[in-house]
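Notes for the one structure printed next.
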Amino acid sequence: MKISLALSGGAARGAFHLGAIEALLERGYKIEVISGSSIGAIIGASLASGVSPKEQLHIYKSKEFRKIFKMNFFKESLVKIDKDKEIVKKIVPIKNLEDAKIKLYITTIDLISGKVLVFDKGDAKKIVLGSSALIPLFKPVKYKNYRLADGGIMDNLPVAPLKREDLPIFAIDLHPDEVGYKNSFAGILKRMIFLAWRSSVQKSKNSCDLYITDPKLGRYSLFKFKHLDDLFDLGYKRTTEILNSF
């Protein structure tokens, strides 16, 4: 069965994407189009370039991958990425988005105009890194006349580009709905921000033919890379369960 696939942002939880995709591929689903934001953009571009889910998992677990991150001491950002490291080329080996084996849509925001931008052509490394540039952790990426930042801020489950394709839409979301909040100033503020940010995701879910997530994802930090194997297994098992009843 041919499908299109939307991949949400979610930083280290991206290993769940990899497990879910592995389950889809094993079941014979053929991914024809990918739309991604943030870590979903990175994983989607890597997959579309021919890097398998298990190969990506191996890269993200490697010491070489961790070495691309350096403290920047708030010079435009808290952390900087060494974009010239060989491991970055291994993650996204294509030069331009249009060179990919699978059609790609990468969602970013432009800090100058404040608009959501969706790219299907152009410099793959800059656009993908721009889509995952979470401010102020990372600095925006300069590309043409844009300053690209994390696409997940305004569209964390980018289903809209897939509506152009005449294919079933499968979506994988690394941020399951959360119920309740801590009754404190910080807890209420965090809840309000979460609900505002999730509003676009709720609309995207309604456009999906299959929606994949797991409430257990909430147990895993977005910025700790200690549990990648567990997240991969969770994605694989959860997707297998959903497909069995699909």
Side-chain angles (χ1 to χ4, degrees), residues 1-62 65 68 86-108 118-132 151-152 156-159 161-162 164-165 167-174 208-213 225 228-229 231-236 238-240 242-243:
M1 180 180 180
K2 295 180 179 180
I3 63 169
S4 60
L5 183 64
L7 300 174
S8 84
R13 292 181 188 173
F16 182 93
H17 279 328
L18 299 175
I21 293 167
E22 183 73 14
L24 289 170
L25 296 176
E26 284 188 4
R27 288 297 189 95
Y29 288 92
K30 187 175 181 183
I31 302 167
E32 295 283 310
V33 189
I34 299 172
S35 176
S37 283
S38 199
I39 189 63
I42 296 174
I43 287 173
S46 192
L47 182 71
S49 304
V51 186
S52 74
K54 288 185 177 179
E55 287 172 330
Q56 289 191 55
L57 181 66
H58 178 74
I59 290 171
Y60 298 134
K61 289 168 60 180
S62 69
F65 175 72
I68 70 173
E86 189 63 29
I87 194 73
V88 176
K89 296 178 183 177
K90 290 181 180 179
I91 297 170
V92 183
I94 55 173
K95 182 178 180 180
N96 297 301
L97 296 180
E98 60 267 34
D99 299 331
K101 299 175 181 179
I102 299 172
K103 186 171 180 58
L104 279 170
Y105 292 108
I106 303 299
T107 295
T108 72
V118 180
F119 292 92
D120 61 357
K121 297 180 177 65
D123 188 305
K125 185 168 68 173
K126 287 186 177 181
I127 293 169
V128 167
L129 289 176
S131 179
S132 56
N156 200 46
L157 192 63
V159 166
L162 301 179
R164 307 171 193 174
E165 314 292 335
L167 290 167
I169 298 174
F170 285 23
I172 308 173
D173 188 1
L174 303 179
C208 298
D209 296 284
L210 188 70
Y211 174 74
I212 300 169
T213 192
F225 289 80
L228 299 184
D229 285 323
L231 282 159
F232 183 96
D233 291 341
L234 181 64
Y236 182 89
R238 179 60 178 155
T239 302
T240 300
I242 291 172
L243 292 176

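We use all heavy atoms of the structure for the numbers below, so side chains are in, but hydrogens, waters and symmetry mates are not. Bear in mind the structure is a predicted one, so any value in this text is a computation, not a measurement.
- Sorted by first and then second residue, the salt bridge (charged side-chain N to carboxylate O under 4.0 Å, His left out) pairs involving residues 30-51 (not counting sequence neighbours) are K30-E32.
- Expressed to the nearest 0.5 Å, how far OG of S37 lies from CG of L7 amounts to 9.5 Å.
- In this structure, the side chain of S4 engages the main chain of P168 through a donor-acceptor pair within 3.5 Å.
- Applying the ring-ring contact (aromatic ring centres under 6.0 Å, His included) test to F170 and every residue at least two apart in sequence or in another chain returns Y29, F246.
- With S131 contributing its side chain and T107 its backbone, the two residues share a donor-acceptor pair below 3.5 Å.
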side-chain contact (heavy atoms from CB on, under 4.5 Å) between L18 and L231, worked out: CA-CA 9 Å; L18 299 175; L231 282 159; over 6 Å; no

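- Distance check, rounded to the nearest 0.5 Å: OH of Y236 to CD1 of I21 gives 13.5 Å.
- Side chains of R27 and T240 form a contact here, defined as non-hydrogen atoms less than 4.5 Å apart.
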Candidate pair I102 and L5, rule side-chain contact (heavy atoms from CB on, under 4.5 Å), full reasoning: CA-CA 11 Å; I102 299 172; L5 183 64; over 6 Å; no

Worked check of side-chain contact (heavy atoms from CB on, under 4.5 Å) between V118 and I106: CA-CA 5 Å; V118 180; I106 303 299; over 6 Å; no

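- Here the side chain of S132 pairs a donor or acceptor atom with the backbone of L129 at under 3.5 angstrom.
- Of the inter-residue distances, the one linking D209 atom CG with I169 atom CD1 reads 6.0 Å to the nearest 0.5 angstrom.
- Contact annotation: the side chain of L25 approaches that of I31 to within less than 4.5 Å [non-hydrogen atoms, C-beta and beyond].
- Separating the NZ atom in K125 from the NZ atom in K95 is a distance of 11.0 Å, to the nearest 0.5 Å.
- Looking at T213, its side chain does come within 3.5 Å of a backbone N or O of D173 through a donor-acceptor pair.
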Could you give the side-chain donor-acceptor pairs of residues 38-59 under 3.5 Å, partners two or more places apart or in another chain?
unit_1	atom_1	unit_2	atom_2	d
S38	OG	D150	OD1	3.4
S38	OG	D150	OD2	2.9
S46	OG	I91	O	2.6
S49	OG	A45	O	2.6
S52	OG	E55	N	3.1
S52	OG	E55	OE1	3.3
E55	OE1	S52	N	2.8
Q56	OE1	Y60	OH	3.3
Q56	NE2	I43	O	3.4
Q56	NE2	V51	O	3.3

Check against side-chain contact (heavy atoms from CB on, under 4.5 Å), E22 and F232: CA-CA 9 Å; E22 183 73 14; F232 183 96; 3.9 Å; yes

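- Here the straight-line distance linking atom CG of L157 with atom OG of S8 works out to 6.0 Å at 0.5 Å rounding.
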